[in-house]
Every structure is written in structure tokens, then in C-alpha cells.
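Below is one structure, written out as C-alpha cells; the observations come after it.
All residue numbers refer to positions in the sequence shown, counting from 1.
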Amino acid sequence: RTPCVGICSTTYGDLVCRGCKRFAHEIVQWNGYEASQQQQIWARLQGLRADVVEHSLTIIDKTCYDEHTQAPHLQNLTAMEQRYELVRHLAIQNTPLSAGGLQASTSTDDALTTLQVIDSEIYRRSLAHYERNYKIPV
């Protein structure tokens, strides 16, 4: 199992993949990493997503939200993972966020737009992390 989502931009020269948000060297070396190394990468990616989701989405109708997150495949996820997966589901169904009991900090009710904003922010933070920790000053 890898974080890959099948939209790799590192083949086009990106140092951080726009799909999975891993660094290019992590993608190349993934199969050679020990389980503990892979888990560290998973933890970083999940932490980034959780932080962005927490600051991007608010539950405005707890009853409605709870109804949407009762699906069996959402039960073993963290609260922020559930919130993210609900937004993905609403975007696929072309359903507004409010129908899932959510509100975006961007004041849009469009689930797809919200998903794109969240994804862009996760990418931005991954890129900043890469530049802070791996980029060699010229």
C-alpha cells in the first residue's frame, strides 16, 4: 500500500507530487523503505491533511453530518479523515457541503471547489516542508 493516487506530477519535474503530496525521492525509494520509514511518511501526510481539513471545514449541522458519516467504510477513520471523505463523496455526487452538514471557511457551498482548495493547501504545505528541509541553498 502506498499513498499514490495515480496522478503523479514528479514525472514532469515537480519535487512534490501534486497527487499524493510525497517528495520525489520518497516516491522513487518507497519500495526500499522499511515499514517504520513508510509510516513516518504516512503520518506526515495524514497530519497535513488533518490540519488543513480542521481549519477549512466546520460542522454546522451535527445531526446531518452524523447521518452522512455512519457509513461502515468511515467508521475506522479519524474525525478529520471522515470529514475529508465526506467532502470527497459530496463532490462526486455534485452535492453542496451544507447537505452533509458542513461549511467551508471559503464561504462556498460547492464541495468540489472546497476539495480543490483543501488539496491546494496540502500541496502548498508539503512544498514548504520540502523546501525547508531538503532544498539546498544556492
Side-chain angles (χ1 to χ4, degrees):
R1 188 169 104 91
T2 76
C4 182
V5 295
I7 309 171
C8 192
S9 67
T10 60
T11 57
Y12 301 109
D14 287 346
L15 295 174
V16 176
C17 179
R18 292 179 185 274
C20 68
K21 314 304 184 276
R22 285 182 294 168
F23 309 141
H25 67 271
E26 293 172 337
I27 293 168
V28 171
Q29 298 171 2
W30 184 261
N31 290 328
Y33 285 155
E34 294 179 12
S36 62
Q37 292 171 302
Q38 291 177 351
Q39 186 51 42
Q40 285 179 329
I41 295 166
W42 274 109
R44 184 188 76 237
L45 297 173
Q46 290 168 336
L48 283 171
R49 180 188 288 174
D51 191 49
V52 172
V53 167
E54 183 175 14
H55 291 92
S56 302
L57 295 167
T58 305
I59 298 172
I60 57 170
D61 184 340
K62 181 88 167 105
T63 304
C64 181
Y65 176 79
D66 287 346
E67 287 174 11
H68 280 86
T69 56
Q70 293 305 310
H73 70 281
L74 298 178
Q75 295 309 300
N76 294 326
L77 301 179
T78 67
M80 293 307 129
E81 288 172 331
Q82 283 182 336
R83 220 176 278 187
Y84 181 81
E85 290 301 322
L86 176 55
V87 174
R88 280 189 55 218
H89 174 74
L90 294 171
I92 290 167
Q93 299 298 320
N94 198 25
T95 305
L97 289 174
S98 56
L102 294 172
Q103 180 179 21
S105 59
T106 58
S107 301
T108 181
D109 200 25
D110 183 62
L112 180 57
T113 300
T114 300
L115 192 59
Q116 291 169 334
V117 167
I118 289 170
D119 189 61
S120 294
E121 180 62 16
I122 295 168
Y123 174 75
R124 190 184 69 74
R125 291 182 186 197
S126 286
L127 187 57
H129 182 86
Y130 180 86
E131 289 176 350
R132 182 176 56 247
N133 293 291
Y134 297 102
K135 193 169 183 180
I136 300 171
V138 206

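In terms of heavy atoms, His55 sits closest to Ser105 at O-OG, 3.6 Å. Residues Ala99 and Cys64 share a closest heavy-atom pair of O-SG, 2.9 Å.
A heavy-atom distance below 4.5 Å is not found between the side chains of Leu15 and Thr10. In this structure, Leu112 and Gln116 have side chains that are in contact, with non-hydrogen atoms separated by less than 4.5 Å. Looking at heavy atoms from C-beta onward, Ile118 lies in side-chain contact with Leu57 at the 4.5 angstrom threshold. At least one side-chain heavy atom of Tyr33 sits under 4.5 Å from a side-chain heavy atom of Glu26. Here the side chains of Tyr84 and Gln46 are not in contact, with every heavy-atom distance at 4.5 Å or above. A 4.5 Å side-chain heavy-atom check between Val87 and Ser56 finds every atom pair outside the cut-off. Between Leu45 and Cys20 the shortest side-chain heavy-atom distance does not fall below 4.5 Å.
Val52 is connected to Leu86 through a chain of hydrophobic side-chain contacts under 4.5 Å among Ile, Leu, Val, Met, Phe, Trp and Tyr, so both are in one cluster. In the hydrophobic clustering of this structure, Ile122 does not group with Tyr134; members are Ile, Leu, Val, Met, Phe, Trp, Tyr whose side-chain heavy atoms approach within less than 4.5 Å, directly or through other members. Both Leu102 and Met80 are assigned to one and the same hydrophobic cluster, defined by single-linkage of ILVMFWY side chains at heavy-atom distances under 4.5 Å.
Of the possible polar contacts, none joining the Glu67 side chain to the Gly100 backbone as a donor-acceptor pair under 3.5 Å is found. Under a 3.5 Å cut-off, the side chain of Gln38 and the backbone N or O of Glu34 do not form any donor-acceptor pair. For Asp109 (side chain) and Pro96 (main-chain N/O), no donor-acceptor pair under 3.5 Å exists by modelled atom type. Using modelled atom types, no side-chain atom of Arg83 and backbone atom of Val53 make a donor-acceptor pair closer than 3.5 Å. Without hydrogens or angle criteria, Gln103 side chain to Thr58 main chain gives no donor-acceptor distance under 3.5 Å.
Taking CG of Leu90 as the start and CG of Leu115 as the end, the distance is 10.0 Å to the nearest 0.5 Å. Between atom CZ of residue Arg125 and atom NZ of residue Lys21 there is a gap of 13.0 Å, rounded to the nearest 0.5 Å. A distance of 12.0 Å separates CG of Leu127 from SG of Cys17, quoted to the nearest 0.5 Å. One finds the CD atom of Glu121 at 8.5 Å from the CG atom of Asp51 (value rounded to the nearest 0.5 Å). Here the CD1-CG distance, from Ile27 to Asp14, works out to 9.5 Å after rounding to the nearest 0.5 Å. Here Asp61 contributes atom CG and Leu97 contributes atom CG; the two are 13.0 Å apart, rounded to the nearest 0.5 Å.
Salt-bridge annotation for Asp119 and Arg18: absent, with no side-chain N of the basic residue lying under 4.0 Å from a carboxylate O of the acidic one.
Around CG of Asn133, the count of heavy atoms belonging to other residues, nucleotides or ligands within 6.0 Å exceeds 12.
The aromatic rings of Trp30 and Trp42 sit perpendicular, their planes meeting at an angle over 60°, well past the 30° parallel limit.
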